[in-house]
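As the structure is a computational prediction, the values presented were derived from the model and not from experiment. Just so you know, residue 1 is the first one in the sequence shown, and it goes up from there.
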Amino acid sequence: MRSQVGSDPGPSYNLARSWAHYGSNAGGPAVGAIVVWPHHVGKIVGQENGQWVVESGNDGHAVRTRPRSLAGAIAFRRA
C-alpha cells in the first residue's frame, strides 16, 4: 500500500493496523478509500454484484484485485 499513495509514509506503515490513522476518515466504504483490517489493508477500486472490489498486496502471496467482504474492517481512510 505504501507504493499506492502519493508519497511513501515510511516503514511504520508496513503494519496494516497503522493505516487506520493515515489520511482522513472516509466515513465508510467508497471507491478510492483505503480499507483497513487488523492484519490486512487494501484500496477499494469498484463494486461488483453488490460487493466491494479491493486491490491489495500479499493476498494469497500476490497482488490481487477481487471482490472482498469488508467484515471486520476497522477503518476506511482517504489519502
Side-chain angles (χ1 to χ4, degrees):
M1 182 58 61
R2 287 175 50 198
S3 67
Q4 302 299 310
V5 294
S7 75
D8 185 346
S12 65
Y13 284 84
N14 288 344
L15 297 173
R17 188 176 291 272
S18 297
W19 289 93
H21 307 287
Y22 184 81
S24 61
N25 186 350
V31 173
I34 295 168
V35 56
V36 184
W37 293 273
H39 301 287
H40 197 72
V41 63
K43 183 177 180 181
I44 299 174
V45 296
Q47 282 189 301
E48 182 179 299
N49 299 322
Q51 285 193 306
W52 293 102
V53 177
V54 177
E55 179 180 44
S56 58
N58 199 19
D59 182 0
H61 303 289
V63 174
R64 292 177 31 174
T65 302
R66 65 182 176 107
R68 287 194 61 147
S69 168
L70 301 183
I74 60 172
F76 298 94
R77 307 297 292 179
R78 286 253 177 242

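The distance from atom CG of N58 to atom NE2 of H39, rounded to the nearest 0.5 Å, is 13.0 Å. Residue I44 holds its CD1 atom at 5.5 Å from CZ of F76, rounded to the nearest 0.5 Å. Atom NZ of K43 is separated from atom CH2 of W52 by 13.5 Å, given to the nearest 0.5 angstrom.
Closest approach of I74 to A20, counting heavy atoms only: CD1-CB, 4.3 Å. Taking every heavy atom of both residues into account, P11 and R2 meet most closely at CA-NH1, 3.5 Å. The two residues R78 and A26 come nearest to each other via the heavy atoms CG-CB, 3.7 Å. Annotation for H40 and S56: closest pair NE2-OG, 3.0 Å, computed over non-hydrogen atoms. For the residue pair S18 and S12, the shortest heavy atom distance occurs at OG-O, 2.9 Å.
Listed by chain and residue number, D59, R64, R68 satisfy the side-chain contact (heavy atoms from CB on, under 4.5 Å) test with R66 (two or more places apart in sequence, or in another chain).
Here the side chains of Y22 and V41 are not in contact, with every heavy-atom distance at 4.5 Å or above.
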Can you give the donor-acceptor pairs under 3.5 Å from side chains of residues 29-36 to other protein atoms, not counting sequence neighbours?
none

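Cluster annotation: M1 is connected to Y13 through the hydrophobic network of ILVMFWY side chains, with a link wherever side-chain heavy atoms come within less than 4.5 Å.
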